[in-house]
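Here's the structure, in structure tokens; my notes come after.
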Amino acid sequence: MRQLSLLDDAARLAGAMAAIRAAMRAAAGAPDGEGRKALPDKLNALARQAGISLTTGNQKAISKDTLDKWLSPSDASRPPSILALLVFCRATGSVEPLRMAARALGLDIMTEEDRKLCDYGKAVLDMKMARERKRK
């Protein structure tokens, strides 16, 4: 584990929401595309199945306008909650918005494929070390 400086933390956190919104926009597709138009319904259905509220207040579901505010690079007043971000990632099939949030903390996300490659690389290194010990 490495210790980060306060300057690193501030710089990462300052641009976190902009990076998350950019990744969300990329995952949502074109503003006039069919995928983006159907996305609020998909988000609402997933949230309802999981028992998650995507909004605060009395609203039970998000509208296309709310989604557009989440995705807008200029509207910083309405960020999605962490639960809304998770539902968004599941609905779009993209982990990039969550990856941007993790990177703000100095972390990254490892997919199953990444994990397999990491485990394979570790096994190769372990075999090399065992051969080296055996040779000595």
Side-chain angles (χ1 to χ4, degrees):
M1 188 168 174
R2 68 182 183 98
Q3 183 174 351
L4 298 173
S5 76
L6 288 176
L7 295 177
D8 287 343
D9 288 345
R12 281 193 181 125
L13 293 175
M17 200 64 233
I20 292 168
R21 285 178 193 264
M24 288 175 75
R25 277 191 306 281
D32 295 332
E34 292 302 315
R36 171 102 50 114
K37 290 177 184 174
L39 190 54
D41 293 334
K42 194 170 184 181
L43 290 168
N44 290 325
L46 278 171
R48 193 171 25 263
Q49 289 173 353
I52 295 172
S53 177
L54 296 176
T55 62
T56 58
N58 294 333
Q59 285 185 314
K60 297 290 184 199
I62 66 161
S63 63
K64 176 140 177 18
D65 290 339
T66 301
L67 177 63
D68 290 340
K69 288 177 183 177
W70 284 357
L71 302 177
S72 173
S74 61
D75 187 359
S77 65
R78 305 252 170 107
S81 69
I82 188 68
L83 291 175
L85 185 64
L86 294 174
V87 171
F88 182 90
C89 289
R90 177 62 73 183
T92 59
S94 172
V95 296
E96 287 306 308
L98 190 57
R99 185 183 307 270
M100 294 300 110
R103 284 187 180 162
L105 298 173
L107 305 172
D108 203 351
I109 294 174
M110 185 179 286
T111 64
E112 284 299 317
E113 181 68 21
D114 295 338
R115 170 128 0 245
K116 286 178 190 175
L117 292 172
C118 182
D119 290 345
Y120 176 75
K122 186 177 182 311
V124 169
L125 289 174
D126 289 346
M127 286 187 335
K128 272 181 144 176
M129 295 296 285
R131 272 189 254 131
E132 188 68 29
R133 284 192 305 270
K134 183 179 177 181
R135 190 176 61 79
K136 286 184 180 184

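Nothing fancy with the numbering, it's 1 onward along the sequence.
Nearest heavy atom pair, residue Val87 against residue Leu43, reads CG1-O, 3.6 Å. When all heavy atoms of Asp108 and Arg103 are compared, the pair lying nearest together is OD2-NH2, 3.5 Å. The minimum heavy-atom distance linking Ser53 with Thr55 is given by the pair OG-O, 2.7 Å. Closest of all the heavy-atom pairs between Leu54 and Ala47 is CG-CB, 3.6 Å. The shortest heavy-atom contact between Pro40 and Lys64 is CG-CA, 3.9 Å. For the pair Ala28 and Arg36, the tightest heavy-atom approach, listed with the atom from each and the gap, is CB-NE, 3.6 Å.
Cluster annotation: Leu86 is not connected to Met110 through the hydrophobic network of ILVMFWY side chains, with a link wherever side-chain heavy atoms come within less than 4.5 Å. The hydrophobic cluster containing Ile52 also contains Ile20, counting ILVMFWY residues as joined when their side-chain heavy atoms lie under 4.5 angstrom apart, directly or transitively. Under a hydrophobic-cluster definition in which Ile, Leu, Val, Met, Phe, Trp and Tyr are linked whenever side-chain heavy atoms come within less than 4.5 Å, directly or via other members, Leu85 and Met17 are assigned to the same cluster. Under the 4.5 Å side-chain contact rule for hydrophobic residues, Ile82 and Ile109 share a cluster.
If you chain together ILVMFWY residues whose side-chain heavy atoms come under 4.5 Å of each other, Tyr120 ends up grouped with Val124.
The 12-atom threshold is exceeded at CZ of Arg25, counting heavy atoms of other residues, nucleotides or ligands nearer than 6.0 Å.
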**OP:** Decide side-chain contact (heavy atoms from CB on, under 4.5 Å) for Phe88 and Ile62; before the verdict, give the C-alpha distance in whole Å, the side-chain angles of both, and the deciding distance to 0.1 Å.
**Re:** CA-CA 12 Å; Phe88 182 90; Ile62 66 161; over 6 Å; no
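At a threshold of 4.5 Å between non-hydrogen side-chain atoms, the residues Thr92 and Lys42 do not count as touching. Counting only heavy atoms from C-beta outward, the side chains of Arg21 and Pro79 approach each other to under 4.5 Å.
Here Asp119 contributes atom CG and Asp114 contributes atom CG; the two are 11.0 Å apart, rounded to the nearest 0.5 Å. Here the straight-line distance linking atom CG of Leu71 with atom CZ of Arg78 works out to 13.5 Å at 0.5 Å rounding. Between the OG atom in Ser72 and the CG atom in Leu67 there is a gap of 11.0 Å [rounded to 0.5 Å].
Asp126 has a carboxylate O that lies under 4.0 Å from a charged side-chain N of Lys122, or vice versa, which qualifies the two as a salt bridge. Between Asp65 and Lys69 there is no salt bridge, since none of the side-chain N atoms of the basic residue sits less than 4.0 Å from a carboxylate O of the acidic one.
By the side-chain contact (heavy atoms from CB on, under 4.5 Å) test, Ala23 is found to be paired with Glu96, Pro97, Met100, residues two or more places apart in sequence or in another chain being considered. Applying the side-chain hydrogen bond (donor to acceptor under 3.5 Å, both in side chains) criterion to Lys136, with sequence neighbours excluded, gives no partner residue.
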